[in-house]
Colleague: 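Below is one structure. I have some questions about it.
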Amino acid sequence: MTTTPALIPLLPAVLMGMGALLSSRFSAITRPWRVFMPLSALAFAASLYSAWPHARLPADLSWLALTPLGGLLAALVQLLGTVIGAFSARYLEGEDGQKRYAAALAGMLASVHLLLLANHWLVLIAAWSVIGAALQHLLCFYGDRPFARLAAHKKRLADRLADALLLAAAILAWHATGSGSLSDLARHIAAHGAGPALQCSAVCLALAVILRTALLPVHGWLIQVMEAPTPVSALLHAGVVNLGGFVLIRFAALLDHAPAARWLLAAMGLITAVLAGLVMLTRITIKVRLAWSTVAQMGFMVLECGLGLYTFAALHLLGHSLYKAHHFLSASSAVRQTRLQMLQDPAPVHPASLLLAPMAAAAVLGTLRGAGVGADWPWWWTVSLALAWAPLLWLPRQGTAGAALRRAAAGLILISGLGGAASLTHLLPLGLHDAPQAASGWLALSGLAALYGCLALLQWRARALATWRGWSYAGFYIDEYYTRLTLLLWPTPWTAAAKPAAPSPATWNAGASAANVY
């Protein structure tokens, strides 16, 4: 028998589903936000119960399961959804189509809650598919903008491929275990390991997450959704695109027994993080830089999952959600601040600090590790973090010795704080168990070292990579080829003056080239 308190974790999905229905049906009588906002606030209150460590679902609802991380994410996503809804009501004041927008936003939040509770392959696949369908309506809110239509079409193709891969993964796992339950899958792996069918299932799952998380080479749609309203970008970057990280953590038991899938995740995550990080350096537009930053951060998160560092991936997921929601919703102030910075000449970095900064950061983290802070981190991950945080210790070539010492001290304190915060995260009751893989750790360390070398070279000899800058500004032309392939496999009119006929090859080339502007 189900009990009323145990059903509270289901309330956010039910309330937001009601919000989607009521916003689409009765908004002719009342404004859609007068329906959405009260239901969203109630859903957030209910989601706080899910974040409580002792919250449980009834045992007879075996197709659902409340995990500690899922409950925490449910509260975070609903909080962001409520804030973004309030922001949207002001942002879209006087716009047509608010009824459709509010209904799609509520439907997406309901589906996200369902995905976070999914304990069955079919529930997971259905919830993720509905999230993509609702997002399509939000991306095309301004239907007369060609790049919004093109981005939505490119995402549609990636989503359909991901759905097919998820179905293949589900069929293989179901055949191997005799059940579609994710809990039964984990128990089967603990007892019998992962045979060839489950190995193939893990690879299909990894490929599906790569497609859903906008990693290279299917990242272009995430850059071009800047044509959508700003609150849509905030929701997408803060609470939707990073769901792939949660799915990978949810299937940690499967990935730990599937080396091929983990190598695939580590390699694709590293390539995406490095290339997107380099492209971001050449961008000027604030929202586009934020979009490329999201691509790079998703690469890092998938890399962490491939390395078996699930606690770091969870921390990355939570921190990225809050960071990107704040930055997108405050994009106007960020534009003013960046313009002021562009009016000032950047202070050149002292060449010696480019070499000494990684050593100093590694010494700080090594000292913390020796004191028991982060003692369970692999040594190669400690060095990787030192490379990632080393720019905090770069010192200007000009200035007094006292100013340089104060800046260096501030950087060392910040790195110590970051290391301590990352270590404290491992103490949270998230129910995660890391399984580091040393072989792929060397791959990650080499890639991050190469990225740091490029950043240092740009600071030391700005003109040394002049040819690279052209390639980087064009996104290394990866999205151009993907756009052409998309319109070749699934032709569609994407301009404002759309015609029923399929676009010609000349249109494909023009669209693919124009996409690189973003």
Side-chain angles (χ1 to χ4, degrees), residues 63 107-108 111-112 114-116 118-137 139-140 150-182 185 194-222 225 236 240-251 254-255 258 260-265 267-269 272 298 302 305-306 478-479 481-492 494 502:
W63 47 279
M108 175 183 292
S111 302
V112 169
L114 193 59
L115 184 144
L116 295 175
N119 193 38
H120 197 281
W121 280 102
L122 296 182
V123 177
L124 175 70
I125 295 171
W128 221 349
S129 296
V130 175
I131 291 171
L135 186 58
Q136 291 288 329
H137 293 287
L139 295 180
C140 293
L150 179 61
H153 180 65
K154 290 160 67 175
K155 186 182 187 307
R156 188 182 299 114
L157 177 63
D159 285 352
R160 298 295 78 78
L161 291 175
D163 290 340
L165 287 166
L166 280 175
L167 282 172
I171 292 172
L172 290 168
W174 205 324
H175 175 74
T177 63
S179 171
S181 170
L182 304 187
L185 172 64
L198 289 180
Q199 296 279 343
C200 294
S201 177
V203 172
C204 291
L205 174 68
L207 290 172
V209 170
I210 288 171
L211 291 170
R212 290 280 191 179
T213 317
L215 267 61
L216 271 63
V218 297
H219 64 289
W221 66 266
L222 187 61
V225 296
L236 173 62
V240 176
V241 72
N242 50 14
L243 288 174
F246 170 78
V247 173
L248 290 177
I249 295 172
R250 189 74 175 85
F251 284 92
L254 175 61
L255 295 176
R262 289 182 60 169
W263 273 102
L264 176 63
L265 292 171
M268 294 302 298
T272 299
M298 292 303 98
V302 170
C305 291
I478 297 173
D479 183 53
Y481 292 109
Y482 174 68
T483 303
R484 294 178 179 179
L485 180 62
T486 300
L487 295 175
L488 179 64
L489 296 176
W490 195 348
T492 185
W494 56 276

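Numbers here are sequence positions counted from 1.
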Colleague: Find the distance between CG (D159) and CZ (R156) and round it off to the nearest 0.5 Å.
Modeller: 9.0 Å
Colleague: Can you give me the closest heavy-atom contact between L265 and G306, atom names plus distance?
Modeller: CB-CA, 3.9 Å
Colleague: How close do V241 and A214 get, heavy atom to heavy atom, and via which atoms?
Modeller: CG2-CB, 4.2 Å
Colleague: Side chains of residues 202-210: which donor-acceptor pairs under 3.5 Å do they make with residues two or more places apart or in other chains?
Modeller:
none

Colleague: Between A261 and L255, which heavy-atom pair has the shortest distance, and what is it?
Modeller: CB-CD2, 4.1 Å
Colleague: Throw together a table of side-chain donor-acceptor distances under 3.5 angstrom for residues 169-180, partners on residues two or more places apart or in other chains.
Modeller:
from	atom 1	to	atom 2	distance (Å)
T177	OG1	A173	O	2.8
T177	OG1	S179	N	3.4
T177	OG1	S179	O	2.9
S179	OG	S181	N	3.1
S179	OG	D184	OD2	2.8

Colleague: Compare every heavy atom of L211 with every heavy atom of A162, then report the nearest pair and how far apart it is.
Modeller: N-CD1, 3.7 Å
Colleague: Any chance you could measure L236, atom CG, to L135, atom CG, to the nearest 0.5 Å?
Modeller: 5.5 Å
Colleague: First locate atom NE2 of H120, then atom CD1 of I125, and finally report the distance between them rounded to the nearest 0.5 Å.
Modeller: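 The NE2 atom of H120 sits 9.5 Å away from the CD1 atom of I125.
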Colleague: For the CG atom of L248 and the CG atom of L243, what is their distance to the nearest 0.5 Å?
Modeller: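 Output value for this atom pair is 11.0 Å.
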Colleague: Indicate the atoms forming the closest heavy-atom contact of N119 with R250, along with that distance.
Modeller: OD1-NH2, 2.9 Å
Colleague: State, with a plain yes or no, whether a side-chain heavy atom of I131 is found less than 4.5 Å away from one of L115.
Modeller: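 Side-chain contact under 4.5 Å: yes.
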Colleague: So how far is it from L488 CG to T483 OG1, rounded to the nearest 0.5 Å?
Modeller: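 Rounded to the nearest 0.5 Å, the CG-OG1 separation comes out at 12.0 Å.
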Colleague: Please test H219 against T272 for side chain to side chain contact (heavy atoms under 4.5 Å, CB included), starting from the C-alpha separation and ending with a verdict.
Modeller: CA-CA 9 Å; H219 64 289; T272 299; over 6 Å; no
Colleague: Please tell me if the side chains of L185 and L198 come closer than 4.5 Å, counting only heavy atoms from C-beta onward.
Modeller: yes
Colleague: Look at the side chain of Y482 and the backbone N and O of K154, then say whether any donor-acceptor pair between them is shorter than 3.5 Å.
Modeller: yes
Colleague: Do D163 and R212 touch side chain to side chain, with heavy atoms closer than 4.5 Å?
Modeller: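 Contact flag for D163/R212 side chains = yes.
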Colleague: So, taking the atom named CE in M268 and the one named CG in L216, what distance separates them when rounded to the nearest 0.5 Å?
Modeller: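 So the gap between those two atoms works out to 6.5 Å.
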Colleague: Any side-chain heavy-atom pair from F251 and L182 closer than 4.5 angstrom?
Modeller: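 When only atoms from C-beta onward are counted, L182 and F251 do touch, with a gap below 4.5 Å.
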Colleague: Donor-acceptor pair, H153 side chain versus L487 backbone, under 3.5 Å?
Modeller: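 Checking the backbone N and O of L487 against the side chain of H153, no donor-acceptor pair under 3.5 Å is found.
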